[in-house]
Every structure is written in structure tokens, then in C-alpha cells.
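Shown next, in C-alpha cells, is the structure this report addresses.
Within every chain, numbering begins at 1; the chains are lettered A, B, ... in the order of the sequence lines, protein sequences first and strands thereafter.
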Amino acid sequence: MSKRLEVKIGKLTLKNPVMTASGTAGYGAELSEFFDLSRLGAIVLKGISLKPWPGNPPPRIIETPSGMINAIGLQNVGLKAFIDEKLPFIKKFDVPVIANVLGTTVGEYAKLASRLDEAGVDGIELNVSCPNVKKGGIAFGLDLKAFYKLIRKVRGCVKQAILIVKLSPGAPDICEFSRAAEDEGADAISLINTIPAMEIDISCRKPSIKNVIGGLSGPAIMPIALRMVFQASRAVKIPVIGMGGIRAGEDAVKFLLAGATAVAVGTAIFVNPRAPINVIEGIEDYLKRFNVEKVSDLIGGLQL
Amino acid sequence: MSKRLEVKIGKLTLKNPVMTASGTAGYGAELSEFFDLSRLGAIVLKGISLKPWPGNPPPRIIETPSGMINAIGLQNVGLKAFIDEKLPFIKKFDVPVIANVLGTTVGEYAKLASRLDEAGVDGIELNVSCPNVKKGGIAFGLDLKAFYKLIRKVRGCVKQAILIVKLSPGAPDICEFSRAAEDEGADAISLINTIPAMEIDISCRKPSIKNVIGGLSGPAIMPIALRMVFQASRAVKIPVIGMGGIRAGEDAVKFLLAGATAVAVGTAIFVNPRAPINVIEGIEDYLKRFNVEKVSDLIGGLQL
Amino acid sequence: MSSPSLFKAKVIKNARLNVEHFILSVRPEGIMPAAQPGQFFMLGIPGRLDPLLKRPFGYFRVKEDALEFLYRLRGKATAIMSVLDAGDEVEIIGPLGEPYPLPKPKKVPLLVAGGTGIASLYPLADAFGGEALILYGGRNSDELLLTEELRGICRVLGLATEDGSVGVKGTVIDLLKEFLAGKNKNRHVVYACGPRGMLKAVSELGLEGYVSVEERMACGIGVCLGCAVKTSTGHKRACKEGPVFRIGEVVFE
Amino acid sequence: MSSPSLFKAKVIKNARLNVEHFILSVRPEGIMPAAQPGQFFMLGIPGRLDPLLKRPFGYFRVKEDALEFLYRLRGKATAIMSVLDAGDEVEIIGPLGEPYPLPKPKKVPLLVAGGTGIASLYPLADAFGGEALILYGGRNSDELLLTEELRGICRVLGLATEDGSVGVKGTVIDLLKEFLAGKNKNRHVVYACGPRGMLKAVSELGLEGYVSVEERMACGIGVCLGCAVKTSTGHKRACKEGPVFRIGEVVFE
Ligand SMILES: Cc1cc2nc3c(=O)[nH]c(=O)nc-3n(C[C@H](O)[C@H](O)[C@H](O)COP(=O)(O)OP(=O)(O)OC[C@H]3O[C@@H](n4cnc5c(N)ncnc54)[C@H](O)[C@@H]3O)c2cc1C
Ligand SMILES: Cc1cc2nc3c(=O)[nH]c(=O)nc-3n(C[C@H](O)[C@H](O)[C@H](O)COP(=O)(O)OP(=O)(O)OC[C@H]3O[C@@H](n4cnc5c(N)ncnc54)[C@H](O)[C@@H]3O)c2cc1C
Ligand SMILES: Cc1cc2nc3c(=O)[nH]c(=O)nc-3n(C[C@H](O)[C@H](O)[C@H](O)COP(=O)(O)O)c2cc1C
Ligand SMILES: Cc1cc2nc3c(=O)[nH]c(=O)nc-3n(C[C@H](O)[C@H](O)[C@H](O)COP(=O)(O)O)c2cc1C
Ligand code: FES
Ligand code: FES
């Protein structure tokens, strides 16, 4: 395998810049029936919390023009079951494993991070931007002071793994939050999480999802994601992991040009479980077609 | 004509709840070739500034999945030419005329508002959310203090017309800004304006629009718009005018159920110049099909 | 059970049964997937962003080298499906989900279908080699499909329509209650597929058996957690632990 | 000039000229719009959200009750157009924009076409009843369309291809310069349609005449201001004040 696609995030070298987006690849088992997970740059797993969470009552999803809304509500098995039952499976693959965590207090985040660090994950992504859980999470992504405090505390707990902070697209100023994450020692930031949204069933006059409001993802939000990645990556020196609507190599190239060092594929996996592989191959095709030596030459290469 | 579709915004009674969205109907002349403008609930005209503005250099638009980005940059003829050359034409129709204004200072907004009020427009919509002009505009939509000051000042200048404040979808807290507008005496709020976004042409590695960042509109943003209209309308008692991706009667009904008193049709006009008429007729069909006596029975009728 | 795959297929035929119902016949690229009754496939049109997501359709049958789906016009995606022509390409994931389990020996399979619920019960009836009893209801005669063919693959076919145009006037639940009256419930294993209300009613009759539920699905393969079903032991995925659940497991609200 | 209307039309034929070029023939519901050479129509597929916007295509001709467009495969919308079949429905707005003005008496019309630029110059040549001179260039022979038909409706047809496969080897600008060499420029009125670079080059030769520009358009009817063209007197709308502009008016950068 050539090193043409290699990128670095903190001390981690990825064989290519393509990851799964948290919450769209489960803990890896289901996707492994469709392709060899070792081909991924990294696998980002479904968000986990300290205790198991039941998630929101159904219906949880609805399709919208070129996108979808979800309000899963972070249904997950909890930290212990994750470490005991889920982690061993995914560790068998030759792929960096990134855990995504969500807490309701700084303490919870800290505990999650230090336990996972000890359990040997390669990266920890702090979800401070989940629109679908009532308390915690997104509060940190919208309040700069709380955000600083959170990252500082968690940074102290993570020794081995790289620390990624996933920003809220609702942050009052994306550049400010990006810089705050950088200041407090995050190895990378990732964005965007889903955007709070709503759909209504006019025949019964009810919200289409039980939780009323959910998060919008998919191609519909790509232009917004691309803009935020562009802004964030110009505000910081640490790598940016871009996501939002990516389904093909061309989309990934746009994020790289806008300034992302790596990308994640989310909703597109639902449409096509092999989407991350298509994205990797699409990036390779682009490099060939446009005679670009290596993927890192594209990063931030937008001509203004 | 029955009063089944009538709604009230401030002292203005609209024969139906459907308007054009500012910037998508010019000053009326072009659309009048496709339908009788008197059929509209109101016509909202292209934003105007004190002096004529040349707008941004092309290319200014690009299509995206189920949406489009624009960076027109408020090209407009300026206040004087508007009053002398554009207003007389549209006043010939039996339709309330709403002028949309954008300034770079409180003073400019105030001057625009008082001159237009004297010139006899039926409504004035303050655009404090245009993402496409460098200074002014959106600054007011993102800074609560400046926002308060602006509305207070302008409110004092508007005697005859109703005053509508168009909120920025990027406002840190949409409810807070909605309440601020209400507190300062706005007759209505309108939302959402376009969402800052970006697209890249990967063959030349340049932004697809010259201005780099533009505003996303169309069906893609409807779920976000619907959510914000829902939130804003629960925060205030004044009417909310909802917009974002509306193309058919069903879409308008969703906004009404979410809490809007009226709706505006924007990007859909580009696809089909008769879109506002289709929306009016679609609402009527819905009332018949579901046996709803009048459109005002739908407002905020979402069952939670 | 064979693991699912992602494959392209060419439309061979798209036969209209009546105004709202169609049978889509496709020929998969590569080998024919080995599906079992109760499983389903996710079906979509490659490259489209609106509709974006694939849609779930029950495994109906394989006939003359073609994989077939029985479907009803409902919204956006099925409207697009209905205008597919021979030669058009579709993208499919499957087979997915848990199939209907076989009944214990000596028990008589009693299939209860509402509307397009017949799509997944048809191959099940076929698998029982003429031993199954089928109760089948719909709003009107247009919703009772393939009744002649069904008669050929089961022991008894009971029909019900709400407007009385065919069979008993009433719902399939009325028919089921009437059928069970005075009989020993324990002799039967019920397999029910149809609208939520029907499944709920079936579940309340104290019968042994299975229901196949329909939930909105984004992925169909178990990664999105969008298809959650409330069960007595917490949320389960309709696409993975289901769509077939033991009666009593699903908590209908 | 007739005012524009919005109408549905049925596809009658979608003829492939070669790998990238097609002629779409549609029959409008209602009366045939009266378009003039240089005007254009916005064309879309009703109900689709992706692509969302209609696309502009020059008025090519009316033939046997059908309105025809000559188009080239380029991206999303033209790919979908290319698989339209007879009977399919399209939605059209038009005729739109300013047509090519007629030349002053005694001047000879000199039509300069690059690639699909021929689409709008074809009906113009036709309108001159055999009097026009046409210079037509493309990258290769596949980009030179309908040359036999063109020969029948003009006085002189000069061809150029960049690969030299047909006509002179070079661009249509080379051909134009060669043609003008030693001639009195003032005898001609130029009508140019083609890629931006070509229009720029034509504009720099000090000729009298017109260029027809292509800009991305959202509405085509003058309300979005998306199609701005930089001119010596400020931004103008390609769809309304254009697409035809006097040479010298457009500021090419
Ligand atoms: C496991 C499974 C097997 C199925 N098998 C079949 C089958 O064999 N034949 C068949 O005709 N249909 C079947 N369905 C239902 C089928 O998936 C839906 O009819 C289809 O998704 C509708 O898509 P649409 O875009 O046309 O409608 P949409 O525009 O998406 O929706 C139209 C209406 O249908 C409702 N709806 C959409 N999807 C579902 C769903 N999955 N479950 C319940 N309601 C829904 C929507 O809420 C809306 O009210 C099955 C569903 C599941 C979950
Ligand atoms: C007034 C006018 C008349 C036209 N007449 C014809 C005609 O008769 N025949 C014909 O084949 N084409 C014509 N065009 C060009 C045609 O509109 C575009 O080829 C078409 O919009 C491409 O759509 P698409 O979705 O296939 O490509 P997209 O996916 O939209 O784009 C593919 C590529 O083409 C570029 N592009 C898209 N639209 C335009 C545009 N309007 N101008 C320049 N570049 C564009 C994009 O930037 C991109 O690089 C005309 C354009 C205008 C403005
Ligand atoms: C069903 C679903 C579940 C998700 N769950 C999580 C999660 O647990 N943690 C998280 O940080 N992001 C989660 N996300 C957000 C995605 O990781 C991603 O940021 C977002 O969907 C945008 O990318 P996309 O458009 O490619 O899907 C979820 C998204 C979806 C659609
Ligand atoms: C081309 C274009 C120009 C616009 N110009 C203005 C404007 O001048 N003033 C304003 O307040 N909003 C302007 N808008 C925003 C619209 O009024 C509307 O808020 C937005 O487009 C969302 O509605 P839609 O999705 O129906 O288009 C413009 C939108 C578009 C697409
Ligand atoms: S549909 Fe995605 S988990 Fe079931
Ligand atoms: S395309 Fe909208 S103004 Fe020209």
C-alpha cells in the first residue's frame, strides 16, 4: 500500500483520511459484513455514556429533502459493556479505533475518557454537540466557559489516545470554540454534528419524530458543513476532521481543499454500507486524474 | 372571495397567508407576467439600501443538493430610485407592499424606515440577517445589545407601516432575539434568512461563488427553518412569518402548524414563478381535505 | 443464515396488479441471494439524493431467476418505483433481519395478513407446503391480492374486507376471532404481518406466535438505531433483532 | 416581443447526435411559444428537488410542431435530460431574454460559433435566409454538429477543429482572424456564441456586433440577480438585459 493517502492526526498516522462518523457505524460488527474494516483510515464508534441509555422512544427518524433527521437519543450499552463486549471485536482489525463519548457533567466526561484511554482506544472524540439528549452534551458546545473547563479537565485524563473535540454547528462562533479546543490541548477538532431540525406530518398534525426536534444530516447540510470546516480550519493549527453529507470522493476532496485533514462518512453509510470505501477510492481517482502526488497536498488547497 | 384564508399581522389584514420572500420577487414587475400579484397575501420586495449597491461580482449562485447558495450582495437601486421608479408600479396592485431594508448603521436603518413609511409602504421588514454583505446587516442579528438598540430606534420612525424584523438563523439564541424584537414593539418577526454556506469546484479548486461564502436556501433548509419557527413562535405572542424551502401548500401547512401566522415563498419562485399561487391553492386544498374551517385554525396547531 | 450483501439489479418487469399495487421483478448482478420468509431487502435507486434513503420491502419470492417484491404505492419512493421500466437499475441490500421461525412440530401455522402484509407471508405459506391456514384482510377487494395463487398454496384461505366486497365484512381480526371461537388456541402458531393496529389486536388475543413489524428504517443493517421497537426487554432494532418478534415481546402503545 | 410563459411539454424525441450531443424535441401544452433567435428557455423536470433548479437552453428551432433544443451532456441536469423518453414530461419557462438584433442594412451577418454556441446561432442563420456567413469551431469533429444542414442555410461555412480532424486546424478565433485578414471590418456584423474565452477574444478584435453569454442562472426571469454580468455600465442580468450584449458592453476579466 502506498503512502499517498496517509495523513496524521496528533501522534496517530492514518492510512487514509476517511473515517466513519460516530453513530453511523455502530461498534463495527454490522459493517464488517460489507467490507474489511482495516481499509478505513479510522473507525469512529457510536457514542457511549457512563451508564447504558435507552435512547428516545420511536419514531426516531424521518427523511427530508436530500437529508434525514434523527433523534436516537444516544441509545448505547454504557461504558462497561462497551469495554467488555464491543471493544475486543473491533480491536481485531488493523484500524485505529476512536471512541465517541457523551456525558452530562465534566466528571462524567473525565471518567469516560480516562477509562477508555486505559482500555486502549486510539482516539477519544468528545461529543459536546448532540442535539438529541436533554441535559449535558450540547450545553458544553454552546457555552464557551463551560467548554474551556471541560476540555482542560478531560485533556488531563487522556494519556495514550488522541483527543478530538466534536463541535456544535450551533456554536455562537465556530472559530472561538475551535481555538478554545486548540488552546486546551485537543489534538483535533471534528465538525459538524447534526443541525437541530424538525419535520411535521400534516395528516395527523404531529411532529414526525417523537422527540419533536432531532438532528439534520446528509447531503442537504454539506454546504453548511463545508463552510464551517473552512472557517474552523483557518482559525486553528490542529487538524480538522470534516463531515456532513459526504458520500463520494469528490465530496471528501471539497472538505480537504476547505482545510480538513480527514473526513468522516455518516448518513451515506445508511444508503450504501460501502460508502466509506467508495470515498477512499474516489479520492484516489481524483489524485490520479488531477496528478496530485499525495492527499496531504490537497489540505487547505482552496484557491481564494 | 371567502375569508377562509385571512390572517392578521399587526394592523394589516392579509387575504391569505402567502407572501413572496425578499430577494426572490424583484420589485414585482417580472412576476406580474406570470400571475396577478393581487392574489398574494403580501409582496415582499428585494432588499434596498440608502444608496444603490452594485452587489457582489459573479458567479453569485450555485446549486447544491435540494438547495442553492447565493451571494448577490444586495445589489439594488437604492432608496430614491426605489421610491421614484419601483414603488409606483407595485402600488397599482391590490396587494400589501412590504419593503425589505438593509443598512450598515442604526441611522441608515432609521432613515430607510422613515422614508419608506412616508412613501406609503404597508410594511417594512428589517433585514438584520443578510450573510452576503460585509458590514452591517448580520452584525445586528448576532449581537443582542446592538439588536435591541436598532429595533428601538427604528420603531420610533415607523408610524403607518407594520414593522417586521427578519432574524438571522445564526442568532446564538433564536428565542432571545425573538423576544427582543417583541419587547421593542415589532409587529412581527420573520425567519429564516439563508444559512451561511459554501461550495467548491474541485476541478479548478476554487470556491464556486466569487464571494466564497453565500447563503443556503431551498428545500434542503426547510427542516431547520421549521424548527426555528416552532421555537420562535413559542417564545413570542407577535405573529411569526415563516420561510425556508416552501414550495407547496403542504410545506406551508407545516409552518402554520409549527406556529407561523404567514409564510413566504422564496427559492421555489426560481423553479416555478407561479409557486406562491400553487402554495395558496395547496393550502385551500388542505383545508377542504381535512375539513378545517379557516387557515387561522391551523396556526400553532401542532399536537405535541 | 446467509449474510447480507449490497448488489445492483436490473428491472425485468414491473407488473401493476391494480391501481395501487405492483410486483417488481429484478435480476441481481451475481448470485441470487438466499432469503427466508420474514426477511427483507432495502431497495433504492442509485445516485438519487431525493429520496435519499433506501426503503425496506419484504422478501416476496424468487420466480424464474427474478427476485420479486410486492409493493403498494405510498409516497415518494414507491411512486418512483412504480415508474421503473425493464432495464432500469436498482440497488439492493439484503437479505436482512430475522426470518419467521418454524413452528414446533404438530402445531398448525395460522397466517394472519393485513394489506401488503401478505408480501412476507406469501413465501411463508409456500414454505409450509400447503399446510398453512391463511386469514387475509383488507379495506376492499383491491387490497386483497393474488387470492387465486394463495388458494393453491394453503389449506384454508379466509378473506375479509371492511367494505364487504369480498369475503366476510369486517377486519381480519374479526375473521380471526370467529375462526378461533370454540377452538383450542394452543394448536396454532400465529404469523401476523400488517398494520400496527392489527398486530396490536393480534397480540392481545393470548396466542402463541410471531408478528412482523414495520418501522421507518434508515439503514436496514443495524447501524443507525433508527428503527427502535419498544419491547418488554428495552428497545430492539426492527431491522436486526426483528422485523419478526415473538408475540408478547413488542409493547404496542 | 411575446411575454414569457410557464408551460408543460411532452417529450416527442430525444435524438442522440453523438456521444455528448442531443436534440430534445418537445410538444408544448397549449400554443407554441414564439421565440426569436438568441432567446432561451428554462427547462426542468417537474417535482424533482435534486437537481432543484431549471437550466437555460437556447432557442434552437421549431420543427414539425415540436420545440427543439440542442444540448450537450455536461452535469447533473443534462445527464437526466439525456435519458428522457418520448412521453416524459418537462416543465419550461420562456421565451426569455433579448434576441439577437437585426443588422443594419447592407451589413453582412458573420456568425461565430464555438461548440454548443451553434444552438442559438442556427436559427439566426436560418432567419437570414442564406445570407449569413458562419464560422464554427470545436475541439474535434464530434463538437461540430449539423454541418450539412448548416451549409444549406448560409453562404459560407468555415470550420475549425483544435485537433484538425475537420476544417482548419485551430480555434474559431484563428479562423475568424484569417477570414478578416485584409477585409474591411465594417462590412460585417458579428454574432458570437460560445465559451467565455472565445467571446472575450472576439470582443478584442474591434468588430461591430453581438455576443451571447452563458451564466449560471437560478430563475431565468430576472428576479434572482444571480446571473450578473459585468458591463461597462454596471452589473446587468444575463437573463433579462442579455443574454445578447453589444460587443464592448461586457467586461471580460
Ligand atoms: C421490514 C419491512 C418490510 C416491508 N415490506 C413491504 C412490502 O413487502 N411491500 C410494501 O408495499 N411495503 C413494505 N413495507 C413498507 C414500505 O417500506 C413503505 O411503504 C415504504 O418505505 C414507503 O416509502 P415511500 O417513500 O413510498 O413513502 P414515504 O413518502 O416515505 O411515506 C409515506 C407514508 O408511509 C409511511 N411510512 C414510510 N415508511 C414506512 C415504514 N417503513 N413503515 C411504516 N410506515 C412507513 C410514512 O410515515 C408516510 O405516512 C415494509 C416495511 C418494513 C419496515
Ligand atoms: C442563455 C443560455 C443558453 C444556453 N443554451 C444552451 C444550449 O442551447 N445548449 C446547451 O447544451 N447548453 C446551453 N447552455 C448551457 C447549459 O445551461 C448548461 O450546460 C447546463 O445548465 C448544465 O447543467 P448540468 O446540470 O448538466 O451541469 P451542472 O452539473 O450544473 O454543471 C456542470 C458544469 O457546467 C457548468 N455550468 C453549469 N451551468 C452553466 C451555465 N449556465 N453556464 C456556464 N457553465 C455552466 C458548471 O459550473 C459545471 O462546471 C446555455 C446557458 C445559458 C445561460
Ligand atoms: C443516526 C445518527 C446517529 C448519530 N449519533 C452520533 C453520536 O452518537 N455521536 C456523535 O458525536 N455524532 C453522532 N451523529 C452525528 C454524525 O456523526 C455526523 O456528525 C453527522 O451525521 C453529519 O455527517 P453526515 O451528514 O455524513 O451524516 C449521528 C448521526 C446520525 C445520522
Ligand atoms: C437570491 C436570493 C436573494 C435574497 N435576497 C434577500 C434580501 O434582499 N433580503 C432578505 O431579507 N432576504 C433575502 N433572501 C432570503 C430569502 O428572503 C429567504 O429568507 C430565504 O431564501 C429562505 O427562503 P427560501 O428557502 O424559500 O428561499 C434572498 C434569498 C435568495 C435565494
Ligand atoms: S434501520 Fe438502522 S438500525 Fe435498523
Ligand atoms: S437568472 Fe435570475 S435574474 Fe437572471
Side-chain angles (χ1 to χ4, degrees), chain A residues 62-69 131 142 169-174 195-208 212-216 218-231 245 247 249-258 286 289-290 292 298 301-304, chain B residues 62-69 131 142 169-174 195-208 212-216 218-231 245 247 249-258 286 289-290 292 298 301-304:
Chain A
I62 186 77
E63 192 178 89
T64 66
S66 298
M68 64 174 279
I69 303 177
L142 300 179
D173 182 336
I174 201 72
I195 303 175
M198 177 172 174
E199 177 57 310
I200 291 173
D201 184 334
I202 60 169
S203 58
C204 60
R205 298 190 207 169
K206 285 190 184 159
S208 300
V212 185
I213 292 173
L216 184 64
I221 67 167
M222 203 176 87
I224 302 173
L226 207 51
R227 184 261 303 173
M228 297 191 101
V229 164
F230 172 74
Q231 292 175 324
R247 61 194 186 283
E250 284 89 347
D251 302 325
V253 168
K254 291 176 190 175
F255 278 86
L256 296 170
L257 289 171
Y286 180 87
R289 216 171 86 220
F290 288 89
V292 182
L298 292 177
L302 190 69
Q303 286 162 30
L304 294 178
Chain B
I62 185 77
E63 191 178 90
T64 66
S66 298
M68 64 173 280
I69 303 176
L142 301 179
D173 182 336
I174 201 72
I195 303 175
M198 176 172 176
E199 177 56 310
I200 291 174
D201 183 335
I202 59 169
S203 59
C204 60
R205 296 189 209 171
K206 284 190 183 158
S208 301
V212 185
I213 291 174
L216 183 65
I221 67 166
M222 203 176 88
I224 302 173
L226 207 52
R227 185 262 303 173
M228 296 191 102
V229 163
F230 172 74
Q231 292 175 324
R247 63 195 186 283
E250 285 89 347
D251 302 325
V253 169
K254 291 176 192 176
F255 278 85
L256 296 169
L257 289 171
Y286 179 87
R289 217 170 85 220
F290 287 89
V292 182
L298 291 177
L302 190 69
Q303 285 162 31
L304 294 179

Hey, what do you get for CD (A:E199) to CE (B:M222), rounding to the nearest 0.5 Å?
5.0 Å
At their closest point, which heavy atom of B:I213 faces which heavy atom of A:Q231, and how far apart are they?
CD1-NE2, 3.8 Å
Report the option among B:I202, B:I221, B:L257 that has the most heavy-atom pairs separated by less than 4.5 Å from atoms of chain A.
B:I202
From the list B:C204, B:S203, B:G245, B:A258, the residue making the most non-hydrogen contacts under 4.5 Å with chain A is B:S203
Close side-chain approach of A:V253 and B:R205, heavy atoms under 4.5 Å
no
Under a 4.5 Å cutoff for heavy-atom pairs, which residue among B:L216, B:T64, B:L226 has the most contacts with chain A?
B:L226
Quick one: closest heavy-atom pair of A:P207 and B:Q303, and the distance?
CD-O, 3.3 Å
Side chain to side chain, A:V212 and B:F230, heavy atoms closer than 4.5 Å:
yes
On a heavy-atom basis, the closest approach of A:A220 and B:A220 is CB-CB, 3.8 Å
Partner of A:M198 under side-chain contact (heavy atoms from CB on, under 4.5 Å), picked from B:V229, B:L302, B:I224, is B:L302
Highest number of heavy-atom pairs under 4.5 Å with chain B among A:P219, A:G170, A:G218 belongs to A:P219
When the 4.5 angstrom heavy-atom criterion is applied to A:I62 and chain B, the contacting part is neither
Is A:Y286 close to chain B through its backbone or its side chain, or both, or neither, when contacts mean heavy atoms under 4.5 Å?
side chain
